[in-house]
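The next block holds one structure in the form of structure tokens; read it before the comments.
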2 protein chains.
Amino acid sequence: MDTARRRRAPRQAEAERNDRELLRAAREVLAEDGAHASVAAIAARAGVGIGSLYRRYRTKEELFQRLAELSLDQWTDTLEQAAACDDPWEALTAFITASLEADRGSLAPIAGAVEVTPAMWEKHRRADRQLAGLVERATAAGVLRPDVTATDIWVLLEQLTAAPMIEQLRRQGRTDLLPAAVEARQRTIAIVLDGLRPPGSPLPGGPPAETLFTGRWADDRHR
Amino acid sequence: MDTARRRRAPRQAEAERNDRELLRAAREVLAEDGAHASVAAIAARAGVGIGSLYRRYRTKEELFQRLAELSLDQWTDTLEQAAACDDPWEALTAFITASLEADRGSLAPIAGAVEVTPAMWEKHRRADRQLAGLVERATAAGVLRPDVTATDIWVLLEQLTAAPMIEQLRRQGRTDLLPAAVEARQRTIAIVLDGLRPPGSPLPGGPPAETLFTGRWADDRHR
DNA sequence: TCCATTGCGGAGCGATTCGCTCCGCTATAG
DNA sequence: CTATAGCGGAGCGAATCGCTCCGCAATGGA
């Protein structure tokens, strides 16, 4: 028993390192190539053979699901850190800017392409509740325009996480223009944040339905 | 001469109709499938054989270039209509909302994938000048936060034209959720427009370089 | 020193999808 | 009935995909 465990030790260290590299590479390739990201590209970027990838994950989907779970954990971490902020407005903006800087939305192409695991559902619901708390606090303090809901923030985030210009420049290898593009994006974000402050003109329509998000991941029409 | 023209008439009418259908179908398929849009899908949507497509356009790229030129013409039209507005702020917002409603950005995936024709350059420069005029007018009237440039508006538009949520819902056939998604997007746009009003907190960094746009379409590093 | 075991890299398979060619066909005009 | 302009789409060669499978290197106990 004890010998069996010790026998597996040395190679296991390499295997764990490979796994970390794979997850990192998968995030990067997914951000650059979008939904077309191929397992070959991921393995190559990780400096690992395709065989090793498939020993760890039985399918490409399983790798993506693991990636999504880790990303959802990061959402929760970011939300917790932001909630620690004393100022309600800074708490909200800290969450938004932090979410956009770590381009966690880069694995948005996964949504709808892989089946949602129970763990993903659970983590998603948790992040949802956390953001709702942040929004409630800001609204109560009067630092957020009163007709903005948590779902509005999700929509806004999804809209802003995509950085089409930066992605295109990176694909074309125009690294000379990248800093300018990043700066321009920050200006855009600043404009949007100002748009969230009160009072603002009344927003059109009613508050967006919460099913707008969950609905895309699983068919809940029968409910 | 006269007989020759009359001889070709009946079939030519069908050919022209096919061309219109092809362009319309190409726009739709491009909006739904993104960069992967295949000629087969375009021809099928147009109710036309692949052969007819290739009789009119020698390559897929040629079709996309024609599409881009037509789209650039629409930019100019929208800008002219907006410029006719008396109120400087309404002129600018009219342009922005009109640009976003006609999801002209749906053929953004073309950018960088096809070679830029001289005609495309010319039309692009023209639209650029037109928007600069709109922004100048709004700034002079004090209805636009003073540190926003025309390039900022282009960046903002590119960021907002992508409607990832709506596209995903459409792909999944969740037409029941589509109206809610469209409404949510309009709320986002309203928030952004409010963020463009003065005074607003000072925007980070300096004004974005104009080369941010032209640079992605052609390599101008040698200048 | 030798062998069993573990994990590795990547050639290559079958399937799919792509842009595009080419040909048989129909509809019209004389 | 013949000539012809224009049509639709089968199918080709190429590329790319997810994934399997196998030969090999490194390790550690006997």
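In the text below, chain A, chain B and the rest are named by the order of the sequence lines, each starting its count at 1.
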To the nearest Å, how far apart are [X] [atom1] and [N] [atom2]?
X: B:Leu63; N: C:dG19; atom1: CG; atom2: C1'; result: 13 Å
X: B:Tyr54; N: C:dC23; atom1: OH; atom2: C1'; result: 17 Å
X: B:Arg56; N: C:dG19; atom1: CZ; atom2: C1'; result: 20 Å
X: B:Lys60; N: C:dT21; atom1: NZ; atom2: C1'; result: 17 Å
X: B:Ile42; N: C:dC18; atom1: CD1; atom2: C1'; result: 12 Å
X: A:Leu53; N: D:dC21; atom1: CG; atom2: C1'; result: 16 Å
X: B:Asp19; N: D:dC7; atom1: CG; atom2: P; result: 10 Å
X: A:Tyr57; N: C:dG7; atom1: OH; atom2: P; result: 15 Å

> Is there a side-chain polar atom (N or O) of A:Ser52 under 4.0 Å from OP1 or OP2 of C:dG7?
Replying inline: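 For C:dG7, neither OP1 nor OP2 has a side-chain N or O of A:Ser52 closer than 4.0 Å.
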>> Does a side-chain N or O of A:Asn18 approach OP1 or OP2 of C:dG7 to a distance below 4.0 Å, or not?
In response: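 Answer is no, no contact under 4.0 Å.
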>> Under the rule for salt bridge (Lys or Arg N to Asp or Glu O under 4.0 Å), what residues qualify as partners of A:Lys60, not counting sequence neighbours?
In response: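 Partners of A:Lys60 by the salt bridge (Lys or Arg N to Asp or Glu O under 4.0 Å) criterion come out as none, since no residue qualifies.
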> Going by the salt bridge (Lys or Arg N to Asp or Glu O under 4.0 Å) test, which pairs reach into residues 36-46 of chain B, not counting sequence neighbours?
Replying inline: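 The answer is B:Glu28-B:Arg45, B:Glu32-B:Arg45.
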>> I want to check something: taking the side chain as every heavy atom from C-beta on, are B:Thr76 and B:Glu80 in contact at a cut-off of under 4.5 Å?
In response: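 Answer yes - side chains close enough.
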Go through [options] for me and flag the one nearest to the [X] side chain.
X: A:Ile50; options: C:dG10, D:dG6, C:dC20; result: C:dG10
X: A:Val39; options: C:dG19, D:dC19, C:dG9; result: D:dC19
X: B:Arg55; options: D:dG6, D:dC17, C:dC8; result: D:dG6

> Under the 3.5 angstrom rule, does the side chain of A:Thr97 hit a backbone N or O of A:Thr93 as a donor-acceptor pair?
Replying inline: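 Pair found, side chain donor or acceptor close to backbone of A:Thr93.
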>> Base, sugar-phosphate or nothing for B:Ala37? Non-hydrogen atoms, less than 4.0 Å.
In response: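 Since only primed, P, OP1 and OP2 atoms lie under 4.0 Å of B:Ala37, the category is sugar-phosphate.
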> Pick the nucleotide of DNA chain C nearest each of A:Gly47 and B:Arg58; which residue has the one closer to the 5' end?
Replying inline: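 So the residue in question is A:Gly47.
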> Would A:Glu136 and A:Arg129 pass as an ion pair if we require N to O under 4.0 Å?
Replying inline: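 No, A:Glu136 and A:Arg129 are not salt-bridged.
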